[in-house]
Trainee: 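The structure's right below; bear with me while I get my questions together.
Remember, predicted model here, so these are calculated numbers, not experimental data. A, B, ... follow the sequence lines: proteins, then strands. Residue 1 opens every chain.
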Amino acid sequence: DTAVSQTPKYLVTQMGNDKSIKCEQNLGHDTMYWYKQDSKKFLKIMFSYNNKELIINETVPNRFSPKSPDKAHLNLHINSLELGDSAVYFCASSPYRQVQETQYFGPGTRLLVL
Amino acid sequence: RKEVEQDPGPFNVPEGATVAFNCTYSNSASQSFFWYRQDCRKEPKLLMSVYSSGNEDGRFTAQLNRASQYISLLIRDSKLSDSATYLCVVSELTGGGNKLTFGTGTQLKVEL
């Protein structure tokens, strides 16, 4: 069973387009995250949601809008895609406010903006 | 200055070698510490948590020095399958939840 899944796995699109990435976890966790890993492999948190409520927003352009329809799903919509948005986007989940708990990552979505 | 700093490597070592990775972090409010492993074109996966008293998991030993804000990972008897990028991670429980901050990673290549 896949614990954290993301779709699509690969996404190639033109500048200016709008695209969405979906994430689902079946671990029963309360908290979900979006991370961006750039070309230099640096992994940085973008957003965190707890039980459908936004709790972390790390200075991300407002072209990026996360949406959590329920605590098992966290989607990421990106408007007006730019070249610099090309990266790997990872979804993750963890139990809420358990600092000793690690986070479990999805397989990543490789986004290439042309 | 990055919040979590690591030597990027690559570390090229022969099979059977012992290799050590170091990491420093700047946020003294950090509460939990981890080493993650990331294989090429894969997601990060937890390798082990790091405790103040030091902890061992098979060939892997992790150490934490809170006073120096320094974390280490020692791999003994390296295997080809240990080749990966090792990410030092610190965690802080903020009002917004459990926030992980990743280092840039240290690349390890174990060779025959």
Trainee: Transitive ILVMFWY cluster of B/Y70 at side-chain heavy atoms under 4.5 Å: who else is in it?
Mentor: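 Members other than B/Y70 - counting any ILVMFWY side chain reachable under 4.5 Å - there are none.
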Trainee: List the residues meeting salt bridge (Lys or Arg N to Asp or Glu O under 4.0 Å) with A/D38, not counting sequence neighbours, and say none if there are none.
Mentor: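 By the salt bridge (Lys or Arg N to Asp or Glu O under 4.0 Å) rule, A/D38 matches no residue at all.
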Trainee: Measure B/Y36 against the heavy atoms of chain A and call it side chain, backbone, both or neither at under 4.5 Å.
Mentor: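 The answer is the side chain of B/Y36.
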Trainee: Should the pair B/W35 and B/F21 be assigned to parallel (<30°), tilted (30 to 60°) or perpendicular (>60°) ring geometry?
Mentor: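 Tilted: the ring planes of B/W35 and B/F21 meet at 30° to 60°.
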Trainee: Name the region of A/E53, side chain, backbone, both or neither, that has any atom closer than 4.5 Å to a heavy atom of chain B.
Mentor: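 When you check distances to chain B, no heavy atom of A/E53 falls under 4.5 Å.
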Trainee: Classify the ring geometry of B/F102 against A/F105: parallel below 30°, tilted from 30° to 60°, perpendicular beyond 60°.
Mentor: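 Perpendicular, since the angle between the ring planes exceeds 60°.
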Trainee: Top residue by heavy-atom pair count (under 4.5 Å) with chain A, among B/K42, B/E43, B/K45?
Mentor: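 Option with the greatest count: B/E43.
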Trainee: Under 4.5 Å from any heavy atom of chain B, what part of A/Y104 do you find: side chain, backbone, both or neither?
Mentor: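 Neither part.
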